[in-house]
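The block underneath contains the structure these notes are about, expressed in structure tokens.
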Amino acid sequence: GAVVSQHPSRVICKSGTSVKIECRSLDFQATTMFWYRQFPKQSLMLMATSNEGSKATYEQGVEKDKFLINHASLTLSTLTVTSAHPEDSSFYICSARRQPGDTEAFFGQGTRLTVV
Amino acid sequence: QKEVEQNSGPLSVPEGAIASLNCTYSDRGSQSFFWYRQYSGKSPELIMSIYSNGDKEDGRFTAQLNKASQYVSLLIRDSQPSDSATYLCAVRGAQKLVFGQGTRLTINP
């Protein structure tokens, strides 16, 4: 199966600082990557969809200036949480899809962000 | 109405019994349906996908889809303690996967 690697798996940062999370497709080229956020005991909520070489499409209610997404290559997308606050503490998960028509996407391991 | 609805549980099933998980969805045009298993603190793991009406079996797992009723279910036969997890139903719309809130399943030894 396809492998998606997410880094770091856990990060603790101080309020007001920025944190970058990486999502890499290790054995395939991902035309599309998705970023989700999951709060405790809740489901995954899609934050944004990123296509290689173009601007990310953000879901309603997600601040694009706060959650910066870069998909500069077919194997790497990054999510930067800028000026993080305690309410941004969550489990962030990426997934990657090979082709636009593919129905299946592969998930990274997730990143537990704690803002103190 | 939520796009994808699941009973959040918890659902408690004795070891060896059949666990039945249910999901309904609102977008009648949906074509792809998935069941994911998520252990606490981990990311979701795909266990079944189904695209056409009827049953699809894979080992101890059977997914059932009824597009007319907008209903998809997952049966787990011979439940094991290792099946204890949250099960997420996901439905693909035009571009994105929409997840249900998940059902927490506990298998009791």
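So that the names make sense, note that chain A is the first sequence line, chain B the second, and so on, each numbered from 1. This one's a predicted model, so the numbers in the text were calculated from it and none came from an experiment.
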Discussion item. Any salt bridge linking A:Glu22 with A:Arg24? Criterion: basic side-chain nitrogen under 4.0 Å from a carboxylate oxygen.
Written reply: yes
Item to complete: Please write out which residues are connected to A:Val116 in a hydrophobic cluster, directly or through intermediates, given that two of Ile, Leu, Val, Met, Phe, Trp, Tyr count as joined at side-chain heavy-atom separations below 4.5 angstrom.
Response: A:Ile12
Response to the item:
Cut-off 4.5 Å, heavy atoms of chain A, and the answer for B:Glu45 is neither
Item to complete: Take atom NZ of B:Lys56 as the centre, draw a 6.0 Å sphere, and report whether it contains more than 12 heavy atoms from other residues, nucleotides or ligands.
Response: yes
Item to complete: Quick one: list whatever passes ring-ring contact (aromatic ring centres under 6.0 Å, His included) with B:Tyr36, sequence neighbours left out.
Response: A:Phe107, B:Phe99
Worksheet item: Can you find a pair of side-chain heavy atoms, one from B:Val91 and one from B:Glu3, that are under 4.5 Å apart?
Response: no
Worksheet item: Considering heavy atoms only, which positions within residues 54-93 of chain A lie below 4.5 Å of chain B?
Response: A:Glu59, A:Phe91, A:Ile93
Worksheet item: So do B:Asp83 and B:Arg37 actually touch side chain to side chain, heavy atoms under 4.5 Å?
Response: yes
Worksheet item: Does any non-hydrogen side-chain atom of B:Gln70 lie less than 4.5 Å from one of B:Arg28?
Response: yes
Fill in: Contact residues of residues 100-109 of chain B (partner chain A; heavy-atom separation under 4.5 angstrom)
B:Gly100, B:Gln101
Item to complete: Taking the side chain as every heavy atom from C-beta outward, state whether B:Cys89 and B:Tyr25 have any pair of such atoms under 4.5 Å apart.
Response: no
Worksheet item: Going by heavy atoms in the side chains, are B:Ile50 and B:Phe34 under 4.5 Å from each other?
Response: no
Practice prompt. Kindly indicate, with the supporting measurements, whether the criterion side chain to side chain donor-acceptor pair (under 3.5 Å) is fulfilled by A:Gln29 and A:Glu52.
Written response: CA-CA 10 Å; A:Gln29 292 185 326; A:Glu52 185 265 340; over 6 Å; no
